[in-house]
Amino acid sequence: MGLAVGIDLGTTNSAIARLDENGKPSLIPNKEGSVITPSVICFRDGEILVGEVAKEMQALGDWPIAAFFKRQMGDDLFLFNVDDKDYSATELSTIILRKLKEDAEAHLNETITHAVITVPAYFRDIERKATIAAGEAAGLTVLQVINEPTAASVAYGVSYEGR
């Protein structure tokens, strides 16, 4: 098994982390040097831009921009059309996850194969399955999908250690 990571696939921003040599969660910076990646995708002249650069393009409002699509996970009626190609929320999430994975692999110089992905507590089975499908399409074996509040309590327990 390659490296396993934790991913917060967020509506507005996303992040990826691993356990460091001391067993503590450590955020992994993206290629721009930030540990937070905006969950924004810009389709520009046949190119797909993801993250901060896409967010900057969003502010200009000149290009097709996909954002806030996580809320549509598992909704077969949601399609984002660009250049006569339809993207589902799952496919858009795959693009975000792929960027997180590729940037983290470049930073760590390691192959990431497995992930635990957090989702909102209100996500039902259909949204969870769509999240797993997005992770798999991004080249990850999804070990588990965890509610965000559960992940927060686990992180608290790891750092608190019963003190």
Side-chain angles (χ1 to χ4, degrees), residues 1-43 46-55 66-74 80 85 87-162:
M1 178 168 113
L3 182 63
V5 295
I7 298 176
D8 175 12
L9 178 60
T11 302
T12 306
N13 294 294
S14 295
I16 185 168
R18 68 174 292 179
L19 293 179
D20 68 16
E21 59 278 353
N22 298 315
K24 301 289 184 189
S26 175
L27 291 170
I28 305 167
N30 58 27
K31 71 177 183 179
E32 295 80 25
S34 176
V35 295
I36 301 297
T37 300
S39 299
V40 180
I41 304 168
C42 175
F43 297 84
E47 190 178 9
I48 299 176
L49 307 172
V50 182
E52 192 60 44
V53 67
K55 185 177 176 182
F68 305 109
F69 45 83
K70 184 174 105 170
R71 295 177 179 151
Q72 314 318 313
M73 290 295 278
F80 184 81
K85 178 170 175 23
Y87 293 87
S88 68
T90 301
E91 291 168 322
L92 294 170
S93 294
T94 297
I95 294 169
I96 299 292
L97 290 168
R98 191 173 291 128
K99 178 188 177 27
L100 291 170
K101 179 182 183 296
E102 289 172 358
D103 286 0
E105 286 177 334
H107 179 79
L108 299 170
N109 199 29
E110 290 186 60
T111 301
I112 296 170
T113 56
H114 294 72
V116 173
I117 303 174
T118 62
V119 296
Y122 67 83
F123 263 26
R124 298 165 295 151
D125 191 53
I126 192 165
E127 290 100 342
R128 291 170 188 278
K129 286 181 178 174
T131 301
I132 292 168
E136 290 173 349
L140 297 164
T141 298
V142 179
L143 298 169
Q144 195 170 5
V145 174
I146 299 179
N147 289 340
E148 291 161 353
T150 303
S153 67
V154 168
Y156 179 77
V158 167
S159 64
Y160 183 70
E161 296 178 357

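Because only heavy atoms are used, hydrogens play no part in the values below, and waters and symmetry mates are left out as well, while side chains stay in. Bear in mind that the values here come from a model prediction, so they are computed numbers and not experimental data.
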Is a side-chain N or O of [X] found less than 3.5 angstrom from the main chain of [Y], in a donor-acceptor match?
| X | Y | result |
| --- | --- | --- |
| Gln144 | Val116 | no |
| Arg98 | Ala137 | yes |
| Asp20 | Asn22 | yes |
| Glu136 | Ala133 | no |
| Ser39 | Gly10 | yes |

Can you see which heavy atom on [X] is nearest to which on [Y], and at what distance?
| X | Y | value |
| --- | --- | --- |
| Phe123 | Lys70 | CZ-O, 3.8 Å |
| Ile41 | Leu92 | CD1-O, 3.4 Å |
| Ala115 | Ile7 | CB-CD1, 4.0 Å |
| Leu97 | Ala138 | CB-CB, 3.8 Å |
| Leu27 | Ala15 | CD2-CB, 4.0 Å |
| Met73 | Ala134 | CE-CB, 4.5 Å |

Exactly one candidate in Val142, Thr90, Leu143 meets side-chain contact (heavy atoms from CB on, under 4.5 Å) with Ile132; the answer is Val142
Exercise for review: Establish, yes or no, whether a centroid distance under 6.0 Å links the rings of Tyr87 and Phe69.
Suggested key: no
Does the distance from a Lys or Arg side-chain N to an Asp or Glu carboxylate O, for Lys55 and Glu52, drop under 4.0 Å?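 Salt bridge absent between Lys55 and Glu52.
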Subject >> Worked verdict on Lys24 versus Leu19 for side-chain contact (heavy atoms from CB on, under 4.5 Å) >> reply: CA-CA 5 Å; Lys24 301 289 184 189; Leu19 293 179; 6.0 Å; no
dist Thr113:OG1 -> Glu105:CD (nearest 0.5 Å) comes out at 9.0 Å
Separation between CG (Asn30) and CD (Glu102), nearest 0.5 Å, reads 12.5 Å
Evaluate the criterion side-chain contact (heavy atoms from CB on, under 4.5 Å) for residue pair Thr37 and Ile96; output intermediate values, then yes/no. CA-CA 9 Å; Thr37 300; Ile96 299 292; 5.5 Å; no
Hits for side chain to side chain contact (heavy atoms under 4.5 Å, CB included) against Ile28, two or more places apart or cross-chain, chain-then-number order -> Val5, Ile16, Arg18, Ala104, His107, Leu108
Across all chains, not counting sequence neighbours, the side chain to side chain contact (heavy atoms under 4.5 Å, CB included) partners of Thr141 are His114
Does a side-chain heavy-atom distance below 4.5 Å link Pro38 with Asn13?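 In contact.
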Criterion side-chain contact (heavy atoms from CB on, under 4.5 Å) on Glu127 and Val119, from CA distance to verdict: CA-CA 9 Å; Glu127 290 100 342; Val119 296; over 6 Å; no
side-chain hydrogen bond (donor to acceptor under 3.5 Å, both in side chains) filter on Asp103, not counting sequence neighbours, yields Lys99
